[in-house]
K.L.:
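Let me give you the structure first, and then I'll get to my questions.
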Amino acid sequence: LIKWVIPGLVERTQHLISILTNFSAPLPVLERFCQLTADRLRITSASLHLEFIDPAAFLDKALAYRDLRARHNPHSSFVVNSVLVPGRIAQQRPLKEALEAHGMRFFPQLMKVKGGVYPYDDRDAALILDLTGGSVNPREVNRAPSYRGLHCEAGAWYMTVDQNGDAWTCRTAKRFADTADPDDAASLGNLANGTFALRTNGGPCGYDICPCTVPANRGIVRLTNKTPEDHNGF
Ligand code: SF4
């Protein structure tokens, strides 16, 4: 990423860059990333995995990264994405409060399994309610909503690309697509073999789950006043 992808994006395109990272890179690599992306960097979404990192170490790294961005990418923003892993939800509250006390955003996400939401027990459900304040605002918490029927510009203004260059209208579409069929409706072709083409327009969402927050938070999905019942029953 640091050696080829970021330099290529910065030197050969005019794209702005937002990134989702597991935040495992050491600080010198993060500093190089900040230097390379400079004024192109917009949003850094750092995933919190308390099964792999101590909360205090994560907070220290987030603060160090904030200082790097202040120096190299002052127009960028930072958010901590935290998957609500069953049995580990109580640990998140103090870290959330510490991050927010330092002016950083904390964004909890329900855990997904097999195209749906993990069946949390009553104790975890109560902790999630406490952590999220019961919010169903997609900019505050990812409840893996269903946007079926809403207009979505996936495929025209949003797409997902895998490591082979195969492009798809969105992550859910890829999950449910017949990946062996190049004519599958969710396929946008391949960026390496010349078959790639964006759609000219979006259309109604045909899926019961939208696991990624990006389409909703970047205006790709035309949101309406959704009810909690739309959030996969959770
Ligand atoms: S709303 Fe989400 S799941 Fe539906 S088409 Fe758009 S990106 Fe895909």
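Values in this document were obtained by computation on a predicted structure and should not be read as measured data. Ligands are counted one by one from 1 in listed order, and the atoms in each one are counted from 1 as well.
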K.L.:
Could you tell me if the ring centre of Phe78 sits under 6.0 Å from that of Phe23?
P.N.:
yes
K.L.:
What distance separates Thr13 OG1 from Glu11 CD, expressed to the nearest 0.5 Å?
P.N.:
10.0 Å
K.L.:
Indicate, as side chain, backbone, both or neither, the part of Ile209 found under 4.0 angstrom from ligand 1 when only non-hydrogen atoms are considered.
P.N.:
backbone
K.L.:
Anything under 30° is parallel, anything over 60° is perpendicular, the rest tilted; go ahead and classify Phe52 against His49.
P.N.:
tilted
K.L.:
Using the rule given for side-chain hydrogen bond (donor to acceptor under 3.5 Å, both in side chains), can you reason through Asn137 versus Ser135, listing the C-alpha separation, both sets of side-chain angles and the distance that settles it, and then say yes or no?
P.N.:
CA-CA 6 Å; Asn137 184 336; Ser135 174; 5.3 Å; no
K.L.:
With heavy-atom distances below 4.0 Å as the criterion, list the atoms of ligand 1 near Thr172.
P.N.:
3 (S)
K.L.:
Could you list which atoms of ligand 1 come closer than 4.0 Å to a heavy atom of Cys170?
P.N.:
3 (S), 5 (S), 7 (S), 8 (Fe)
K.L.:
In terms of hydrophobic clusters joined by side-chain contacts under 4.5 Å, are Ile43 and Tyr158 together?
P.N.:
no
K.L.:
For atom 2 (Fe) of ligand 1, grab the closest protein heavy atom and report residue, atom and distance to one decimal in Å.
P.N.:
Cys210 SG, 2.4 Å
K.L.:
Mark up the atoms of ligand 1 that fall under 4.0 Å of a heavy atom belonging to Pro215, in ascending order.
P.N.:
7 (S)
K.L.:
So, Arg143 versus Thr132: side-chain donor-acceptor pair below 3.5 Å or not?
P.N.:
yes
K.L.:
Considering Ala154, Gly206, Cys152 one by one, which has a heavy atom nearer to atom 6 (Fe) of ligand 1 than any of the others?
P.N.:
Cys152
K.L.:
Would you indicate which of Gly149, Ala186, Cys205 comes nearest to atom 1 (S) of ligand 1 when only heavy atoms are counted?
P.N.:
Cys205
K.L.:
Check each atom of ligand 1 against the heavy atoms of Val221 and keep those under 4.0 Å away; list them by number with element.
P.N.:
1 (S)
